[in-house]
Amino acid sequence: MAEDYYALLGVRRDASQDEIKRAYRRLARELHPDVNPDPETQEKFKEINQAYEVLQDTDKRQMYDVGGDPFAPAGAGAGGFGGFGTAGFPFSEFVDAVFGATGQATRGPRSRARRGRNATIRIELDLSECAFGATRELTVDTAVVCPTCSGEGTAPGTHPETCQVCSGRGEISQVRRSFLGQVVTSQPCPNCGGYGTVLPRPCPECDGDGRVRSRRTMKVRIPAGVEDGTHIQLAGEGETGPGGGPPGDLFLEVVQKPHAIFERQGDDLHCTLTVPMVAAALGATVSVESLDGPNDVDVRPGTQSGQVLPLYGLGVKHLNGTGRGDLIIHMTVETPSRLDPEQEKLLRDLAKLRGEEAPPGKFQPGQQGFFSRLRDAFNGR
Ligand SMILES: [Zn+2]
Ligand SMILES: [Zn+2]
């Protein structure tokens, strides 16, 4: 027996039946699933119910006090707790018995109208649509209020009628005997499903559901700055609920298509620019494509591979804000892979002028600031 039932209820071992009952009622009010629906509390609620079931019964309490298992079926030896059902006593009945009118206020016929479900549509956008926003026409296949019955679910000229079985209460009561005396339990009425009304002639178009499927198109404005995975909520644009209930929401999930040139990181865009060796050495003006069109960019003389050149404010617009990210150009200096004799001679003359006409082996890693140049290159200097 793992639990100490007295400790669970917070009473002494010699507590009177009245004290046990009071302690239980206080705890049950606190831990009742209607008040506190989280699973941990419900587990605790079950435990105190188990404790109470034993301690409020003088026979079971006696058995428990001497170390027996009050839940074991007669003659079955070590039975253990199989949950509340082992005592042949459903949990909800027990709560009803102790609390009497527990939850009465929340019962009664339930409405046929319920809120519709939310829906999610994925929309593919290219990078510039994400950057600047877009307007899209969407075709939505969803449930709308049935035009024949206006959501009531009944055939034209008829209306829901009060259920004869439950007289419109939506539930039926049963009186049973249990060890606590008479117990009244309520169940949803099987004739009307708990609605309290029946549809004598369901609407032929929607079969009583109050809604039909329909296709409609709608224009949506997608704000600038959305990215892959952004959800845009369109309140009330989801499907209509059953019985003409309020509609759910429609969510648009953005899927950003990859771009041929730009890679997006946050609201910054990154691209590479390959510059011929001579242009990198002498400097040049190059035309660089951006989302806003071509831009003339000055490549400074002496540009190295790995250097970055930011174009401020040419990135993606910030979502729900002002301003834009940057376009960051990563430079790559291209060394010619094939030289004609004349070009080769020019380069050899250049090497001679610079004192670089060295035999192989002179350029060693680690010499002449190799690593610091590499580091500078990585840091974009
Ligand atoms: Zn209908
Ligand atoms: Zn009924």
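Counting convention: from 1, in listed order, for ligands and their atoms alike. Residue numbers run from 1 in the order of the sequence given.
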Original post:
Counting no waters, how many protein N/O/S atoms sit under 2.8 Å from the Zn ion (ligand 2)?
Top reply: 4
Original post:
Taking 4.0 angstrom as the limit, do E129 and R136 come out as a salt bridge?
Top reply: yes
Original post:
Quick one: do D267 and K317 make a salt bridge, cutoff under 4.0 Å?
Top reply: no
Original post:
Passes salt bridge (charged side-chain N to carboxylate O under 4.0 Å, His left out), D249 versus R115? Steps please.
Top reply: CA-CA 10 Å; D249 297 336; R115 185 178 183 273; 3.5 Å; yes
Original post:
Any idea how many protein N, O or S atoms are nearer than 2.8 Å to the Zn ion (ligand 1)?
Top reply: 4
Sequence neighbours left out, cut at 3.5 Å: what donor-acceptor pairs do the side chains of residues 215-230 make with other protein atoms?
{"from": "R216", "atom 1": "NH1", "to": "E237", "atom 2": "OE1", "distance (Å)": "3.1"}
{"from": "R216", "atom 1": "NH2", "to": "E237", "atom 2": "O", "distance (Å)": "3.0"}
{"from": "R221", "atom 1": "NH1", "to": "A134", "atom 2": "O", "distance (Å)": "3.4"}
{"from": "R221", "atom 1": "NH1", "to": "T135", "atom 2": "OG1", "distance (Å)": "3.2"}
{"from": "D228", "atom 1": "OD1", "to": "Q256", "atom 2": "N", "distance (Å)": "2.7"}
{"from": "T230", "atom 1": "OG1", "to": "E227", "atom 2": "N", "distance (Å)": "2.9"}
{"from": "T230", "atom 1": "OG1", "to": "E227", "atom 2": "O", "distance (Å)": "2.9"}

Original post:
When you check the side-chain N and O atoms of T285 and D298, is any donor under 3.5 Å from an acceptor?
Top reply: yes
Original post:
Is the shortest distance from a Lys or Arg side-chain nitrogen in R354 or D349 to a carboxylate oxygen in the other one below 4.0 Å?
Top reply: no
**OP:** Could you pull out all residues at least two apart from Q174 that satisfy side chain to side chain contact (heavy atoms under 4.5 Å, CB included)?
**Re:** R176, T185, Q187
**OP:** With I329 as reference, evaluate V308, V299, N295, L273 under the side-chain contact (heavy atoms from CB on, under 4.5 Å) test and give the passing residue.
**Re:** L273
Original post:
Is it true that R348 and E344 have a side-chain N and a carboxylate O under 4.0 angstrom from each other?
Top reply: yes
